[in-house]
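Reading through the structure tokens given below for one structure.
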Amino acid sequence: TAAAGFAVQPAMAAGYQVDQLARVSNVAQWDTLNVRKWPASYSQKIGAFQPGTPVWVERCITVPKSADWCLVERQDTRGWVNSRYLTPMEDWDI
């Protein structure tokens, strides 16, 4: 899966540090990825990223009966996105 690089380790299910670049993926070219204030799909939208946008992933958490959510940052936008829409970047050349 696209989020395989952010797989949860059982001992760290409450949250885990990532500290790496990722690219917004699995979003249609005509759509955007919503950035949320809190790690929930019903949380207030505070921004959006275009497909392919590189973001800094600070950490991720597992939300019971939901999905992994990651705290991301790009310029002045910082908030939570569903990890299924992130692909880790191995190359720092953005």
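Contact annotation: the side chain of Thr62 never approaches that of Trp69 to less than 4.5 Å [non-hydrogen atoms, C-beta and beyond]. Side-chain atoms of Arg74 and Thr53, non-hydrogen and from C-beta on, do get closer than 4.5 Å to each other. Taking the side chain as every heavy atom from C-beta outward, Leu86 and Cys70 approach each other to under 4.5 Å. When side chains are defined from C-beta on, Arg78 counts as touching Leu71, because their heavy atoms get closer than 4.5 Å. Side-chain contact check for Phe49 versus Val72: some heavy-atom pair is nearer than 4.5 Å. Trp80 is listed as a side-chain neighbour of Ile61, based on a closest heavy-atom distance under 4.5 Å.
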Would you list the atom pairs, donor with acceptor, under 3.5 Å between side chains in residues 28-37 and any protein atom, with sequence neighbours excluded?
from  : atom 1 : to    : atom 2 : distance (Å)
Asn34 : OD1    : Lys45 : NZ     : 3.4
Arg36 : NH1    : Ser43 : O      : 2.8
Arg36 : NH2    : Ser41 : O      : 3.4

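Clustering ILVMFWY residues whenever any of their side-chain heavy atoms sit less than 4.5 angstrom apart, transitively, puts Trp38 in a cluster other than the one holding Val57.
No donor-acceptor pair closer than 3.5 Å links the side chain of Asp68 to the backbone N or O of Cys60.
Between Gly52 and Arg23, the shortest heavy-atom contact is O-NH1, 2.7 Å.
Here Gln75 contributes atom CD and Trp56 contributes atom CH2; the two are 15.5 Å apart, rounded to the nearest 0.5 Å. Rounding to the nearest 0.5 Å gives a distance of 9.5 Å between CD of Gln20 and CE of Met89. Atom CG of residue Asp76 and atom CD1 of residue Ile46 lie 10.0 Å apart, to the nearest 0.5 angstrom.
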